[in-house]
2 protein chains.
Amino acid sequence: MERIQTLLRNHDIRPSYTRMAIYRYLDEHREHPTVEAIYDALSATLPTLSKTTIYNTLNLFVRHHLVKEIDLQDHKRYDIVRTPHAHFKCDVCDTLYDIDITPPIAPKHADISDVRDAQLVYHGTCKRCRQAV
Amino acid sequence: MERIQTLLRNHDIRPSYTRMAIYRYLDEHREHPTVEAIYDALSATLPTLSKTTIYNTLNLFVRHHLVKEIDLQDHKRYDIVRTPHAHFKCDVCDTLYDIDITPPIAPKHADISDVRDAQLVYHGTCKRCRQAV
DNA sequence: CCTGTAAAATGTAATGATTACAAAAATATA
DNA sequence: TATATTTTTGTAATCATTACATTTTACAGG
Ligand SMILES: [Mn+2]
Ligand SMILES: [Mn+2]
Ligand SMILES: [Zn+2]
Ligand SMILES: [Zn+2]
């Protein structure tokens with residue numbers, strides 16, 4: 001918890017209790033939760049928490065490169081920034097799995113000036129859904 | 001135009017005039033247009049065209065694997081199915097460029113049963129936006 | 001050609017995630 | 001303590017997409 005406090009400070013974010021709670025939730029739940037999931041989980045201990053605060057806080061974290069936003073067709077998912085990795089999205093149950101490979105470096109390209117990030121997402125059916133015929 | 005007709009038929013899609021027009025637009029405009037862009041472009045020659053029809057048609061094409069949906073945070077983009085390739089999204093002007101590399105094969109993974117598709121998107125600033133300081 | 005039937009296209013209303021905004025609460029500063 | 005600043009909250013607005021009912025079009029059989 002001390003760790004999170006200094007981490008936020010190092011990124012020029014004032015470590016309010018709510019912000020630390022949201023960061024800690026993401027740190028302890030690597031399944032790429034939605035705003036809804038974070039809200040449901042944290043409301044229990046922070047009864048006055050509002051979804052607007054979660055949206056604000058997550059956008060703040062994204063701007064300060066503490067968290068990444070994963071764009072899928074439905075809701076946005078959030079992932080703590082750590083070593084680069086890829087994802088697998090099950091199109092049946094919508095689970096988003098981590099895949100431990102590093103996305104390839106972007107090749108040189110006439111139109112591109114600088115590349116800041118890469119996002120690699122696989123799609124298909126996960127093992128659990130495959131078995132549940 | 002004959003070509004598109006038989007292509008749709010081969011994918012079990014009845015080649016109505018509207019459907020062929022939408023397919024042709026995607027085939028001739030590889031900049032990954034949005035529904036809005038398609039609507040604006042085709043309304044000129046198809047004055048009664050409705051956005052609902054475009055949505056319906058594109059979803060039909062996606063289900064039949066003629067077109068891919070590209071998930072970005074804002075609007076959905078559509079890309080004709082062709083050889084696998086990656087994309088670069090300029091976070092300043094929102095342009096989506098094609099990058100001619102093949103996304104890597106997904107490695108074996110305990111939770112994954114079968115992988116049907118891969119989507120590789122780079123983010124950054126494009127050359128045009130970089131120069132326009 | 002008619003005519004009936006299915007498919008396609010349309011217009012409008014509903015949905016729902018995200019954002020805008022202004023007020024209230026909390027926190028820092030003096 | 002008083003005051004300024006930041007954070008949080010609640011509600012309303014936005015807007016892309018979908019649902020749904022209706023109209024239009026295409027087509028097969030007579
Ligand atoms: Mn992840
Ligand atoms: Mn493309
Ligand atoms: Zn699954
Ligand atoms: Zn650009």
Side-chain angles (χ1 to χ4, degrees), chain A residues 4-5 8-9 11-25 32-64 66-78 89 91 94 96, chain B residues 1 4-5 8-9 11-25 32-64 66-79 89 91 94 96:
Chain A
I4 294 176
Q5 195 166 9
L8 296 190
R9 280 222 181 83
H11 287 259
D12 293 316
I13 295 173
R14 289 168 65 164
S16 74
Y17 187 76
T18 308
R19 287 171 176 171
M20 291 197 290
I22 292 173
Y23 188 90
R24 184 175 57 181
Y25 185 84
H32 320 95
T34 62
V35 166
E36 189 78 19
I38 299 171
Y39 179 77
D40 289 346
L42 295 185
S43 300
T45 46
L46 296 170
T48 70
L49 182 65
S50 83
K51 275 189 191 167
T52 301
T53 298
I54 299 178
Y55 278 108
N56 288 342
T57 304
L58 290 172
N59 287 338
L60 181 73
F61 287 169
V62 168
R63 282 199 306 276
H64 290 255
L66 278 170
V67 164
K68 276 189 191 172
E69 205 173 86
I70 302 174
D71 307 318
L72 297 176
Q73 61 266 37
D74 38 9
H75 311 198
K76 289 181 182 170
R77 311 286 195 94
Y78 294 89
K89 159 116 186 296
D91 290 327
D94 277 0
L96 194 64
Chain B
M1 208 55 174
I4 294 176
Q5 193 165 13
L8 295 191
R9 282 222 179 82
H11 286 259
D12 293 317
I13 295 173
R14 287 170 63 166
S16 73
Y17 187 75
T18 307
R19 287 171 176 171
M20 292 196 289
I22 293 173
Y23 187 90
R24 184 174 57 180
Y25 185 84
H32 320 95
T34 62
V35 166
E36 190 76 20
I38 298 170
Y39 179 77
D40 290 346
L42 295 185
S43 301
T45 45
L46 297 171
T48 70
L49 182 65
S50 82
K51 276 190 191 168
T52 301
T53 298
I54 300 178
Y55 278 108
N56 289 342
T57 304
L58 290 172
N59 288 337
L60 182 73
F61 287 169
V62 169
R63 282 200 305 278
H64 287 72
L66 278 170
V67 164
K68 277 189 190 172
E69 205 173 86
I70 302 174
D71 307 318
L72 298 176
Q73 61 266 36
D74 39 9
H75 310 198
K76 289 181 181 169
R77 311 286 195 95
Y78 294 90
D79 201 6
K89 159 115 186 295
D91 290 327
D94 278 1
L96 194 64

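By convention in this document, chain letters (A, B, ...) are assigned in the order of the sequence lines, proteins followed by strands, and residues within each chain are numbered from 1.
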Spatial distance of atom NZ (K68(A)) from atom CG (L58(A)) [nearest 0.5 Å]: 15.5 Å

Closest-nucleotide ordering on DNA chain C, the 5'-leading residue of V35(A) and N56(A): V35(A)

Side-chain touch F61(A)/I22(A), heavy atoms, less than 4.5 angstrom: yes

Side-chain N,O (R14(A)) to OP1/OP2 (dA26(C)) below 4.0 Å: no

Counterpart residues, side chain to side chain contact (heavy atoms under 4.5 Å, CB included), relative to D12(B) (two or more places apart): H64(B)

Side-chain donor or acceptor of H75(A) paired with backbone N/O of T34(A) under 3.5 Å: no

Set of residues satisfying ring pair (Phe, Tyr, Trp, His ring centres under 6.0 Å) with respect to Y25(B), sequence neighbours excluded: H29(B)

Distance-minimising heavy-atom pair for L72(B) and K89(B): CD1-CD, 3.5 Å

Interface with DNA chain D, restricted to residues 39-54 of chain A and to heavy atoms under 4.0 Å: T48(A), L49(A), S50(A), T52(A), T53(A)

Side-chain heavy-atom pair D94(A), R77(A) within 4.5 angstrom cut-off: yes

Touch class at under 4.0 angstrom, heavy-atom based, for T18(A) against every strand present: sugar-phosphate

Pairwise side-chain contact, L42(A) with T18(A), heavy-atom cut-off 4.5 Å (strictly under): no

Side-chain donor or acceptor of R19(A) paired with backbone N/O of R14(A) under 3.5 Å: yes

Pairs meeting criterion side chain to side chain donor-acceptor pair (under 3.5 Å) with involvement of residues 48-58 of chain B, two or more places apart: E36(B)-K51(B), S50(B)-T53(B)

Along DNA chain D, first and last positions that approach a heavy atom of chain B under 4.0 Å: dA16(D) to dC27(D)

Those residues of residues 67-79 of chain B lying under 4.0 Å from DNA chain C by at least one heavy atom: none

Integer-rounded Å distance: dT10(C) P and Y17(B) OH: 13 Å

